[in-house]
Amino acid sequence: MVLKLHNTLSRKKEDFTPLDADKGVRMYVCGPTVYDTAHIGNARPVVVFDVLFRLLNSLYPKVTYVRNITDVDDKINAKAAETGEDIRTITERTAALFHADMAALNTLEPDFEPRATDHIAEMQVMIADLIEKGFAYEAEGHVLFSVNAMDEYGKLSGHDRDQIIAGARVEVAPYKKDAADFVLWKPSTGEEPGWDSDWGFGRPGWHLECSAMSNKYLGQTFDIHGGGQDLIFPHHENEIAQSRCSHGTDIMARFWMHNGYLMAEGEKMSKSLGNFYTVNELLGEFPGEAIRLALLKTHYRQPMDFTKDGIADAKTILNKFYTALKKMAGVQLENEPDIPTEILNALCEDLNTPKALSELHQILNDLNSSMGTSGWSGDLESFKAKLLGAGKVLGLLQQDPEDWFKGTTSADDLDEAAIEALIAERLQARADKDFATSDRIRDELAEQGVVLEDGAEGTTWRRV
RNA sequence: GGCGCGGUGGCGGAGAGGCUACGCAGCGGCCUGCAAAGCCGUGUACACCGGUUCGAAUCCGGUCCGCGCCUCCA
C-alpha cells in the first residue's frame, strides 16, 4: 500500500516514505494561538491531521505527532489589554477549552504539545545562531531575518521577493534592511510579556517557535508539516527560512500539507457578520461526532462551506450506521478490526475521506441488504469488523450505539424514566387495540424528539 | 497589480479523456394496525464560449463568478 500525499512544495501528489525508518514518521502541525475560543475553521486542520495521524499509525510502527500551542502573541496581548485579564489566565483557560472541544470531536492527543513560552531559550539559541551565520541582524532592539541571504526564499509559497514588496499593504518599518525581512525578536514594554536576551528585553516573532520546537521534538528535518492554507505565507515560508539557514539543511520538512479554507453558510467567516461558529456553541446543538463527520465529508484540500444543514446531514448518516451497529450489538469480535482494504485505498490517495465514506456506505448497504426484511443472514461478524475498523481510522462509530441514540445534547431533553413509562403505557394501549391512544403517545414523544420503533423484539426508542 | 484555489444533478460531494461514484432530500413499491427502521426501484449533472480528439465534465485557449494569501495580519 503506497500512501500518496499532496505536497505543497511540488504542488503534486507524491509517494510517501519516511525519511528515517528508525526514527519513525515525524509530523508537526501548527496548533492554536490561545486568545479566543476555537471556531470551526480552527477545528478543520485538527480533525484532518487527526485522520492522517491515525492512518500513519496503522501503516507505520512508530509515529511522532507534535502540535504546538502559541501562548505568546500580540493578539493575546490585545485581548488582555481589552479585558483587563491576566495573560496567563487567558491562555490557560483558552487552551483548556481547546482541549475539551477537540476531544469532543474525537481527536487523539498529539505526542507532544509544546508551548512557546516554555521554549524561549531554544528560540534564543536559534536567533544567535542565525546572527552568527549572517542570516539575521539586529536593529533598534529588533532582530530581523535577512531574506536576501537565503536563495530559495519563497519556494513554498511561489512568491518572489520583488512581488512581495510590490503588493505590500503594510508600511515598511524603517529599521528593516529589506522590506521583506521579518522579525525574530522584538522589544517588549514593561506591560507586555518579555524575556531578557542579548538583544534586550523582548519577545519572539511568531514564526520562530515552530522552528525551535519542531527541531527540539522532531529534529532538523522531519517528514510532514501541516496546517491551514493561510499559513503557507508568511508563516511556513519563514519557518523554512529560519530552520534551514540555522541548520544548514536542504529541507525542513519533506511534505508540506495544507487544508483548504472554510466558509460558513455561504459567506466567509467573520465576526462582524455573526456567522462565526465556535466549536463550543455547535457542541451545544450537535454531537461532536456529527461535526467531525461534517468536516470529513469534504476532501481536506477543497474549500468548504460549513453549514448547520451539513451537520444535520452528517447526523442522519451516523444514525444509519449506529442503527446497524445497534442491531449487531450482540455480535462479538474476536480480534481488533483491521481497516478494510477499500477504505485504506481511499485514504492512501491523499486522504480522500469522501471516497472512504462512500466505501463505508457501500459496506453498510451490503450489510443491510444481506439482513433484508426477514432478519439475519450473512457474515455479521465480518460486517461489524469492517464498520468498526473503518470507523477507527476515521475517528467515527466508536461509541456504544445506545449512547449515541440516548445521549442528550440539551439539558431539557425528556429523561429516560419518563420515556420508558410512556412506552409501557403505549404498549398496553396497543395490546388493547386502542390505536388512538397508542398513536397519541407516539406523537407526543416525537414532538419531544423521541422516535419509537416497534420491532419483533419489542419497542425501542431513540432521540433524533 | 502579483501568486494560488475553486465553480459537478434540488442540496452535499468524489472522480478526471470513453465504463457516467456516494450521501441527503423527493417519488413509486415491499414491510407495518398505522408508523419508524430497513429493503427494492427511480435522476445521463459537470459555469460559459471556442478548440484538440473517433470521443471531453475530464486536455488546450479565452470569458464570467466565488474564495484565499501578498510579512512583526484584522
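Letters A, B, ... mirror the listed sequences (proteins, then strands); counts begin at 1. Keep in mind the model is a prediction, meaning the values are calculated, not measured.
- Between Tyr153(A) and Asn238(A) there is a side-chain heavy-atom pair separated by less than 4.5 Å.
- Residue Lys326(A) contributes atom NZ, which lies 12 Å from atom P of A37(B) at whole-angstrom precision.
- Arg11(A) contributes no side-chain N or O that forms a donor-acceptor pair with the base of G4(B) under 3.5 Å.
- Asn368(A) has a side-chain polar atom (N or O) that falls below the 4.0 Å cut-off from OP1 or OP2 of C39(B).
- Taking the side chain as every heavy atom from C-beta outward, Cys245(A) and Leu130(A) approach each other to under 4.5 Å.
- Distance His235(A) NE2 to C73(B) P: 12 Å, rounded to the nearest Å.
- The shortest side-chain heavy-atom distance between Gln124(A) and Trp199(A) falls under the 4.5 Å cut-off.
- Side-chain contact between Leu357(A) and Leu394(A) is present, with heavy atoms from C-beta onward closer than 4.5 Å.
- Few gaps surround NZ on Lys406(A); more than 12 heavy atoms of other groups in view lie less than 6.0 Å from it.
- Between A36(B), C67(B), C73(B), one nucleotide has an atom nearer to the side chain of Arg462(A) than all others, and that is A36(B).
- Remark: P of G68(B) and CD of Glu267(A) are 11 Å apart, rounded to the nearest angstrom.
- A gap of 24 Å separates the P atoms of G18(B) and G13(B), to the nearest Å.
- Within residues 204-214 of chain A, no residue approaches RNA chain B, by heavy-atom distance under 4.0 Å.
- The aromatic rings of His236(A) and His258(A) sit tilted, their planes meeting at an angle between 30° and 60°.
- The separation between Asn259(A) atom CG and G4(B) atom C1' is 15 Å, rounded to whole Å.
- Near RNA chain B, defined here as any heavy-atom distance below 4.0 Å, there are no residues from residues 190-202 of chain A.
- Between Leu397(A) and Glu289(A) the shortest side-chain heavy-atom distance falls below 4.5 Å.
- If you check every strand for non-hydrogen atoms under 4.0 Å, Asp454(A) touches a base.
- Residues Ile343(A) and Leu360(A) meet the side-chain proximity criterion, which asks for heavy atoms closer than 4.5 Å.
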remark   = Secondary structure of RNA chain B per the Watson-Crick/G-U criterion (both distances under 3.5 Å; [ ] crossing, | other strand, . unpaired) is (((((((..(((.....[...))).(((((.......)))))....(((((..]....))))))))))))....
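- A salt bridge does not link Glu85(A) with Lys79(A): none of the charged nitrogens is closer than 4.0 Å to a carboxylate oxygen.
- Within residues 344-352 of chain A, the residues that place at least one heavy atom under 4.0 Å from RNA chain B are, in residue-number order, Asn352(A).
- If you check the side chains of Glu209(A) and Asn68(A), you find a donor sitting under 3.5 Å from an acceptor.
- Not a single donor-acceptor contact under 3.5 angstrom links the side-chain atoms of Tyr261(A) to the base of C69(B).
- For Phe255(A) and His6(A), the gap between ring centers reaches or exceeds 6.0 Å.
- In this structure the side chain of Asp74(A) reaches within 4.5 angstrom of the side chain of Lys186(A), judged on heavy atoms.
- You'll find that the side chain of Arg442(A) is closest to A35(B), out of C39(B), A37(B), A35(B).
- Going from atom CG of Asp309(A) over to atom C1' of G10(B) covers 13 Å, rounded to whole Å.
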note = Once base and sugar-phosphate atoms are separated, protein heavy atoms under 4.0 Å mark nucleotides 20-27 of chain B, 5' to 3', with B, S and - as -BSSS---
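- In this structure, of G33(B), U71(B), C40(B), it is U71(B) that holds the atom nearest to the side chain of Asn238(A).
- Applying a 4.0 Å cut-off to non-hydrogen atoms, the residues of residues 294-306 of chain A that approach RNA chain B are Lys297(A), Thr298(A), His299(A), Gln302(A), listed by residue number.
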